[in-house]
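See below for the structure under consideration.
Quick note: numbers below take in every heavy atom, side chains included, and nothing from hydrogens, waters or symmetry partners. Naming convention: chains lettered A, B, ... in sequence-line order (proteins, then strands); numbering from 1 in each chain.
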Amino acid sequence: MQLSEQELVRRQKLEKLRALGINPYPADLFPVNHTSKQIKSDFEEGKQVIIAGRLMAINIQGKASFAQLQDSEGRIQVYFNRDEICTGEDKSLYNDVFKKLLDLGDFVGIEGTLFTTQVGEKTVMVKDFKLLSKALKPLPIPKQKDGKTYDAFTDPEMRYRQRYADLVVNPHVKEVFVKRTKLFNAMRQFFNDAGYFEVETPVLQPIPGGAAARPFTTHHNSLDIPLYMRIANELYLKRLIVGGFDGVYEFSKNFRNEGMDRTHNPEFTAMEIYVSYKDYNWMMDFCEKLLEHCALAVNGTSEATFGEHKINFKAPYKRITMRDSILEFTGFDIYNKSEDEIRAAAKGMHIEVDETMGKGKLIDEIFGEKCEGNYIQPTFITDYPKEMSPLCKEHRENPELTERFELMVCGKEVANAYSELNDPIDQRERFEHQLKLAQKGDDEATEFIDHDFLRALEYGMPPTSGMGIGMDRLIMFLTNNQSIQEVLFFPQMRPEKKKVDLSDNEKAILEVLKAEKRMDLTVLKSKSGLSNKGWDKGIKGLGKHGLTKVEKTDDGLFVELV
RNA sequence: GACCAGUUAGCUCAGUUGGCAGAGCAUCUCCCUUUUAAGGAGAGGGUCCUGGGUUCGAGCCCCAGACUGGUCACCA
C-alpha cells in the first residue's frame, strides 16, 4: 500500500517514541476521573483532574502551547507549559515528545489543574501527560471560526464508509445516534411499563413470512435446506400470543433483497408488538401515546422539524378511513363500486393501471397517488381493502374491508397495525388467494403458505391487535434526516474497489521488457502494442514506481529494468 | 432502471481560448510562555476516477466505462 507523506512521518515518529522508551500503545489503564463536560459544569479554579481523549487542535507558541482535547462528551482546552511539565533541567518531554512527536488525533492522558486564561477560556494546566495511543492516519478535522465551519468532512460516501472518522470530527452525527438509542430505550420502557414482554424470534426462517418482499437466501449445511433471512417477524410473535403471552414485542432486524435508496437499506429495523384482547381502535390510542412519549424522550418536545415541515407528535392524531380520504382528494367514492368502475375512475385520474390489478390494488394505487402525500401531521388512515391485507381481520361492519390502520407522517408510512386475523380457516383461504395472485404474476403477493403458523392458529389465538413501526424512518423524522444512511451507523455500501498496483499498460510494457532487460525505446513501444497515450501513461507510471529507467545515449533512447 | 451533477494534494475546493498543476488548512524546518481558524519566515507533497480518441500539446474537447450523490420509477 502506498503511504502518504503524512502517514510516513507518523510512522517515523512512532519509531522515535519507541527509541525514547515510550510505548505508543501502552496496556495499563489510565485513571480518568473527569470528562470535558464535568470540568466545564463543575469548574473550580485550581482543582486537580485526570482526563483523557484525542488531541483535536494544537497551537504551539514556543515554550507554551494550547491544545484541544476531545473526549466522549466534548472538548476542553489544555495548556502545555514547558516549565510546568518539565520541572527539572531536562526539557525533552515538552520539546521533543510533545512538540515533535504528538499529532492531531493521538490519544493522550493528562493530569493537571484547572485555571482560566486571560481570554476567559476554562483550561487544564498540564502537569503531566502520557501518550495513550498514536494515530497513524490524519483525521479530516474541520476548522471553526465564529460558528462557521471550514473544510468540513462532508462527502457522504467517505462519511458512510469511514463512519469512525465521521463520528470523531462531526459531533452532530454522534448526536443522531445518541437520539436513536434514546428512542429505542424510550419505546422499550413504555412497553415494559405497560407490562409487555420483550422477546427474540428467529432471524433464519424456513419460510419467509409476514410481509411481501424478496428475501435473502442462505443454506444450512447440516440440515441441507435453504433458509431465509427474515423479512418480518409477525408470524412468530403471533405464535407466542397463541402460547399465552398477553403482550410481546421485538425490535427486529429485517432483511429485504431489494433496491437501495435514501429510504431503503437491505437491513433495517422494525418494531413489532402484539397485544391480546385488543383491537385496532385500542392500538391507535396506544400508538399516539407511544409516539408522543418517544418524541418527548428524544427531543424534549413533541414537536419535530422535518425538512420544510413542522410536525407535532402530540396525541391525539387525526383518523380518516381510506374511503373518506379518497373521496376528499379525488371526489370519487369507492363504496359499493365494482372493480371495473374503480379501474375506470383510476384511468380518469391519469393513474397507470393494468388488467392484473385487483380491486384492492387499484384502491391502493389511487390512495398512494392522490392522497398519501397530503398527510403531513401524524394521521391514521383506516380500513384498507381486504385483498391487500392477508393477515388482517375482516372489518366488523364491511366484509370488503379490513381492520387495519397505517400512520402517515409527512406522506410516509411510519406504523402499520391490524386487528389480527385469528380465524384459521379464513387465514388459510387468504394464503391460498395470495398464492393464486402470485401465480398470476402479482409480485407483491406472498408465494409461501406457512402451515405451521396455520396449525398454531388452529389451537386458537385470542383476539389480538398488532402493530409494526419502522424504527429507521421514525428516527429520521425525529432527527430531521432525509436519508436512512444518516441514521444507520454502517449503511450498506458497494464494496470498495481495490486499487491495482500496476495498470494494464504498465504490465504490458514490463512483460516485453522482462525478456531483454534493456531495450531501445521505440522498439519497446511498438512491441508493447499500446496506443500513444497508453504508452505514455504506462512508461511514466513505471518510472514513478522506480521499476524502469530511461537512458539517453548517442545511440538513442533506451529503457532499462532497475 | 431513467435523467441530472460530481470525481484534481491528507481535508475543503479553484483551475481562464487546450500551453510547466493552484489556494487555504494539514504536514516538515525555524521564531514565539495565556492562545483560540493564534501569528511570522521558509519547504515538501499530485495515477487531475479508468480506458480509448482528437491534437504538436488534454485536468479542460469527443467516446466508452467505474464509482458516488441527487431526482424520479420500483419497494404493503
Side-chain angles (χ1 to χ4, degrees), chain A residues 2-10 12-13 57-68 75 77 79-84 94 100 103-105 115-121 123 125 137-161 165 169 210-214 231-232 256-264 352 360-361 364 367-368 384-385 387-392 404 406 413 416 443-446 468 470 482-483 485 493-497 499-506 530-534 536-538 540-541 544-545:
Chain A
Q2 201 78 10
L3 292 176
S4 70
E5 181 203 6
Q6 291 186 49
E7 288 170 315
L8 288 169
V9 167
R10 289 189 180 210
Q12 285 161 13
K13 290 181 179 182
I58 301 176
N59 240 334
I60 295 179
Q61 287 186 77
K63 296 181 184 62
S65 310
F66 290 92
Q68 294 278 333
R75 290 188 187 185
Q77 177 165 275
Y79 178 63
F80 288 85
N81 182 303
R82 188 192 68 184
D83 297 328
E84 294 285 342
Y94 178 80
K100 300 245 169 90
D103 286 297
L104 294 178
F115 78 108
T116 310
T117 64
Q118 288 175 3
V119 285
E121 182 90 16
T123 305
M125 170 91 70
K137 207 173 168 61
L139 284 162
I141 299 176
K143 291 269 172 174
Q144 297 208 329
K145 162 84 167 183
D146 303 331
K148 270 192 224 161
T149 303
Y150 299 81
D151 296 349
F153 182 54
T154 53
D155 178 16
E157 182 190 358
M158 296 288 277
R159 287 184 44 236
Y160 303 152
R161 284 194 195 282
V169 303
R214 228 176 329 148
I231 56 175
R256 297 189 182 178
N257 204 342
E258 282 163 359
M260 291 160 57
D261 59 28
R262 74 179 202 295
T263 56
H264 296 85
E352 261 186 69
K361 177 111 190 182
D364 189 59
F367 178 78
Y384 281 63
E387 204 171 316
M388 320 247 349
S389 316
L391 299 164
C392 183
R404 170 176 180 181
E406 284 194 3
E413 176 201 339
N416 180 23
D443 47 10
E444 283 179 16
T446 314
Q482 309 285 329
S483 92
Q485 286 89 348
M493 304 285 283
R494 202 178 289 270
E496 279 181 87
K497 210 169 51 178
K499 297 226 166 154
V500 284
D501 316 57
L502 291 184
S503 72
D504 291 344
N505 291 336
E506 291 163 2
L530 293 171
S531 68
N532 282 339
K533 184 168 282 187
D536 192 52
K537 291 219 174 199
K540 276 183 184 167
K544 213 166 255 175
H545 290 308

Can you measure [X] atom [atom1] to [N] atom [atom2] for me and round it to whole angstrom units?
X         : N      : atom1 : atom2 : result
Met388(A) : C75(B) : CE    : P     : 10 Å
Arg256(A) : C75(B) : CZ    : P     : 13 Å
Glu7(A)   : C11(B) : CD    : C1'   : 13 Å

Do Leu104(A) and Pro138(A) have side chains that get closer than 4.5 Å, going by heavy atoms?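 Sidechains of Pro138(A) and Leu104(A): no contact.
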On a plain distance test, is the side chain of Glu157(A) in donor-acceptor contact with the base of G69(B) below 3.5 Å?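 Absent.
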Counterpart base for C28(B), defined by Watson-Crick or G-U wobble contacts under 3.5 Å: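 Partner of C28(B): G42(B).
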When you get a sec, tell me which of U27(B), U33(B), U12(B) is the closest nucleotide to the side chain of Ala64(A)?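 Output: U33(B).
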What nucleotide, of A76(B), C67(B), C28(B), holds the atom closest to the side chain of Glu413(A)?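 Side chain of Glu413(A) sits closest to A76(B).
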For Gln77(A), which residues count as a side chain to side chain contact (heavy atoms under 4.5 Å, CB included) partner, sequence neighbours excluded?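 Applying side chain to side chain contact (heavy atoms under 4.5 Å, CB included) to Gln77(A) gives Phe66(A), Gln68(A), Thr117(A), Glu121(A), Thr123(A).
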Output all residues satisfying side-chain hydrogen bond (donor to acceptor under 3.5 Å, both in side chains) with [X], sequence neighbours left out; order by chain, then residue number.
X         : answer
Arg75(A)  : Gln70(A)
Glu84(A)  : Lys127(A)
Thr263(A) : Asp261(A)
Gln144(A) : Thr149(A)

Contact state string [nucleotides 35-41 of chain B, B base, S sugar-phosphate only, - no protein heavy atom under 4.0 Å]: BBBB---
Comparing Lys100(A) and Ala152(A) on RNA chain B - which has the more 5′ nearest nucleotide: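 Looking at RNA chain B, the more 5' nearest nucleotide goes with Ala152(A).
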On RNA chain B, compare the nucleotides closest to Met260(A) and Met125(A); which residue's is nearer the 5' end?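 Nearest-nucleotide comparison on RNA chain B picks Met125(A).
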